[in-house]
2 protein chains.
Amino acid sequence: MAVGVGATSAKTAKCGASSPRLRADAVRNRERIIAAARETMVEFGADVPFDEIARRAGVGNATLYRHFADRLELIHHVTLSVMSRTADQAESVLAEESDAFRALRRFVHAAVEEKIGALCPLLSDGVDRDHPDLLAARDRLEAAVEALMGAARDSGQLRTDIAVGDLMVAITQLTRPLPGSSCVDFDKFVHRHLQLFLDGLQAPARSELPGCAATLEDLRRRKP
Amino acid sequence: MAVGVGATSAKTAKCGASSPRLRADAVRNRERIIAAARETMVEFGADVPFDEIARRAGVGNATLYRHFADRLELIHHVTLSVMSRTADQAESVLAEESDAFRALRRFVHAAVEEKIGALCPLLSDGVDRDHPDLLAARDRLEAAVEALMGAARDSGQLRTDIAVGDLMVAITQLTRPLPGSSCVDFDKFVHRHLQLFLDGLQAPARSELPGCAATLEDLRRRKP
DNA sequence: GACCAACCGGGGTGAGCCTCCCCGTTTCCG
DNA sequence: CGGAAACGGGGAGGCTCACCCCGGTTGGTC
């Protein structure tokens with residue numbers, strides 16, 4: 001179910017003045033490493049051995065260290081990748097689907113494939129949450145999802161007491177893989193739960209929610 | 001069903017013929033270890049260092065090894081503890097609350113405190129899923145939750161296309177803590193999500209669910 | 001209240017894993 | 001086709017964790 005497009009994410013052409021360009025195979029390997037990292041981290045946690053990531057990417061571990069100074073830098077780029085791909089999803093769904101709530105449903109179910117559940121472990125560690133790239137990716141993602149939700153809200157199909165943060169965190173939690181992943185057909189479960197959750201999002205609201213709606217900015221805040 | 005008996009966690013008085021009785025402080029420490037293990041495992045994962053568990057329990061690590069031969073045995077008892085406490089909750093809520101769906105809501109929100117999110121990592125590792133004690137605890141839990149759901153279903157407030165497994169897995173996922181737990185007031189979020197999910201559970205169903213309803217037995221099955 | 005034994009706590013050790021580097025070889029680009 | 005950037009695999013160093021041992025302490029019994 002490769003989402004096709006996906007690409008967008010501006011080519012990694014820049015990278016500072018020091019390296020005028022990156023060799024073709026180097027670029028290819030870099031992409032494969034990030035993809036492998038996303039998969040393995042979402043499966044085994046953010047502290048998965050580098051050798052395992054390298055093995056799955058089909059490269060040597062040295063290549064990994066050549067591209068990323070340390071684990072945090074890799075996590076940083078994985079996070080960017082997930083956010084970017086998810087934003088792509090939101091934008092393309094909004095463009096393709098006429099019915100607003102159906103678009104929201106499609107987006108939520110599509111997020112499973114993007115391994116959005118990986119965001120949660122990633123964001124929690126020691127990454128620099130104030131990095132400009134991260135903030136930019138976040139703003140783009142928030143804008144795209146807010147557009148989806150706004151349309152659904154305007155059409156009267158989405159309850160009005162929730163915000164982007166509520167949706168994203170819930171999706172993240174519901175799609176997180178089980179550590180051992182030994183349960184048969186767990187994906188089927190995930191889509192059931194998402195569907196139930198979406199039913200809860202529909203207007204009219206069936207109950208009053210505790211707390212208050214949260215943006216992605218609210219999520220960035222740390223404990224004192 | 002009727003498994004209800006359970007007698008709440010029967011005192012650990014037995015334990016084979018070799019040890020006629022356990023000294024009072026030993027019993028106390030054992031309980032504290034299990035409680036600490038539940039907390040730390042739900043927070044850091046099932047592979048949390050034994051020293052950390054011992055530290056939080058306020059005992060030496062040797063005490064831990066004295067009570068549990070290995071990690072798997074500890075996990076086994078933690079799982080039993082979580083199941084038992086959760087079943088207690090379900091039973092007491094059912095007895096106290098007259099409105100069926102309100103009872104279900106109370107149970108779900110109460111499950112957060114029981115760290116039911118710990119079940120998920122625990123069950124997935126290498127524990128013996130066919131152990132008699134585990135099956136008994138599971139049956140008791142399933143009966144208690146099924147009673148809750150059955151009442152809500154009979155009153156026409158709960159959609160009919162879901163089963164105990166659906167609810168338990170969803171609660172488990174939604175209440176799992178973030179690895180770093182560095183986000184402010186995450187508990188508030190959890191209760192929001194649970195509330196939204198519960199709204200999706202209400203009758204009449206707002207959409208058709210993929211897959212089919214699952215029991216706890218279905219969850220026990222492993223991949224080929 | 002005193003004895004005996006069960007129980008406890010903390011420090012130490014050995015093993016396993018992971019990170020990171022080094023160097024001969026391969027691949028790309030002009 | 002030549003130079004250089006990039007690659008892959010193997011290995012050393014470091015770190016953390018599981019597990020054990022022994023002097024001290026606490027609880028139960030007469």
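These numbers come from the heavy atoms of this one structure, side chains and all, not from hydrogens, waters or symmetry mates. Source: prediction; values computed, not measured. Chain naming here is simple, since letters A, B, ... match the order of the sequence lines and numbering starts at 1 in each.
Rounded to a whole Å, the CD1 atom of Ile33(B) is 13 Å from the P atom of dC7(C). Atom CG in Leu64(A) sits roughly 14 Å away from atom P in dC18(C) (whole-Å rounding). Rounded to an integer number of Å, the gap from CD of Glu73(A) to P of dT19(C) is 15 Å. Going from atom CG of Asn29(A) over to atom C1' of dT26(C) covers 12 Å, rounded to whole Å. Note: CZ (Phe68(A)) to P (dT19(C)) measures 15 Å, nearest angstrom.
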- request: Evaluate the salt bridge (charged side-chain N to carboxylate O under 4.0 Å, His left out) criterion for residues Arg38(A) and Glu114(A): first the C-alpha distance (whole Å), next the side-chain angles of each, then the deciding distance (0.1 Å), finally the verdict.
  value: CA-CA 9 Å; Arg38(A) 191 179 59 233; Glu114(A) 297 306 323; 5.4 Å; no
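Residues meeting the salt bridge (Lys or Arg N to Asp or Glu O under 4.0 Å) test with Arg105(B), sequence neighbours left out: Asp199(B). The salt bridge (Lys or Arg N to Asp or Glu O under 4.0 Å) check on Arg28(A) picks up nothing, with sequence neighbours excluded. Under the rule for a salt bridge (Lys or Arg N to Asp or Glu O under 4.0 Å), the partners of Arg23(A) that lie at least two apart in sequence or sit in another chain are Asp25(A). With sequence neighbours excluded, no residue satisfies salt bridge (Lys or Arg N to Asp or Glu O under 4.0 Å) with Arg71(B). Remark: Asp166(A) pairs with Arg192(B) by the side-chain hydrogen bond (donor to acceptor under 3.5 Å, both in side chains) rule, at least two apart or across chains. With sequence neighbours excluded, the residues that form a side-chain contact (heavy atoms from CB on, under 4.5 Å) with Val42(A) are Lys115(A), Ala118(A), Pro177(A). The side-chain hydrogen bond (donor to acceptor under 3.5 Å, both in side chains) test applied to Thr215(B) returns Asp218(B), not counting sequence neighbours. Taking His109(A) as the reference, His191(A), Gln195(A) meet the side-chain hydrogen bond (donor to acceptor under 3.5 Å, both in side chains) condition, with sequence neighbours excluded.
Across all strands, Ala26(B) comes closer than 4.0 Å only to sugar-phosphate atoms, never to a base (heavy-atom distances).
Among all heavy-atom pairs drawn from Leu201(B) and Leu167(B), the shortest one is CD1-CD1, 3.8 Å.
A salt bridge links Arg56(A) with Glu43(A); the closest basic N to acidic carboxylate O contact falls under 4.0 Å.
Taking the six-membered ring for Trp and the full ring otherwise, His193(B) and Phe197(B) have centroids separated by 6.0 Å or more.
Over its full length, the helix from dG1(C)-dC30(D) to dG30(C)-dC1(D) turns its helical axis through 40°, comparing axes from the five pairs at each end and rounding to 10°.
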Nucleotide N/O to protein N/O under 3.5 Å, stretch nucleotides 15-19 of chain D:
unit_1  : atom_1 : unit_2   : atom_2 : d
dA18(D) : OP1    : Arg71(B) : NH2    : 2.4
dA18(D) : OP2    : Phe50(B) : N      : 3.1
dC19(D) : N4     : Asn61(B) : ND2    : 3.2

Below 3.5 Å is the cut-off: list the nitrogen or oxygen pairs between protein and nucleotides 24-28 of chain D, distance only.
unit_1  : atom_1 : unit_2   : atom_2 : d
dT26(D) : O2     : Arg23(B) : NH1    : 3.4
dT26(D) : O2     : Arg23(B) : NH2    : 3.1
dG28(D) : OP1    : Ala24(B) : N      : 3.4

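Within residues 52-60 of chain A, no residue has any heavy atom under 4.0 Å from DNA chain C.
Distances were taken from every side-chain heavy atom of Ala62(B) (C-beta onward) to each of dC22(C), dG9(C), dC7(D); the shortest belongs to dG9(C).
No side-chain heavy atom of His76(A) sits less than 4.5 Å from a side-chain heavy atom of Asp128(A).
Within the structure, a side-chain polar atom (N or O) of His67(A) is placed less than 4.0 Å from OP1 or OP2 of dC7(D).
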